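Nothing here was measured: the structure is a model prediction, and the numbers come from that model. All residue numbers in this chain count up from 1 along the given sequence.
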Amino acid sequence: MLQLIFSIFFILYGLFTIYLRIFKNNKWLSKINRMKGAYGDKFGTFLHVISYTVIPIILGIVGIVCYLLGIEIF
């Protein structure tokens with residue numbers, strides 16, 4: 001059951017970062033400016049999207065699929 005809760009949390013976190021990225025104009029995404037400063041605008045934004053949006057959603061989907069298949073990953 002804990003696996004399902006974490007998986008749902010990961011998906012919601014990824015969707016929340018998408019919401020912030022679209023509607024809040026990066027004002028609430030505090031680490032994006034540091035990543036842009038360190039890696040440049042395009043690559044810094046790319047790393048931020050991968051790290052805080054794509055990977056949590058993928059982990060959430062994998063966690064839910066594993067939960068439905070009866071595979072424990074946590």
Rounded to the nearest 0.5 Å, what separation is found between the CD1 atom of Ile55 and the OH atom of Tyr13?
11.5 Å
Nearest 0.5 Å, what's the CG-CG distance between Asp41 and Asn33?
9.5 Å
Do the ring planes of Phe43 and Tyr39 sit parallel (below 30°), tilted (30 to 60°) or perpendicular (above 60°)?
perpendicular
Identify, with sequence neighbours excluded, every residue that meets side chain to side chain contact (heavy atoms under 4.5 Å, CB included) alongside Ile73.
Gln3, Cys66, Ile71
What pairs with Phe9 under ring-ring contact (aromatic ring centres under 6.0 Å, His included), at least two apart in sequence or on another chain?
none
Are side-chain heavy atoms of Phe16 and Leu20 found at a separation under 4.5 Å?
yes
Which pair of non-hydrogen atoms, one from Ile61 and one from Ile11, has the smallest distance, and what is that distance?
N-CD1, 3.9 Å
Between OG on residue Ser51 and NZ on residue Lys31, distance to nearest 0.5 Å:
9.5 Å
Leu12: side chain to side chain contact (heavy atoms under 4.5 Å, CB included) partners, not counting sequence neighbours
Ile8
For Thr17, what residues pass the side chain to side chain donor-acceptor pair (under 3.5 Å) criterion, not counting sequence neighbours?
Thr53
One should read off an interatomic distance between Leu29 CG and Lys36 NZ, to the nearest 0.5 angstrom, of 9.5 Å
Residues in ring-ring contact (aromatic ring centres under 6.0 Å, His included) contact with Tyr52, at least two apart in sequence or another chain
His48
Phe6: partners by ring-ring contact (aromatic ring centres under 6.0 Å, His included), with sequence neighbours left out
Phe74
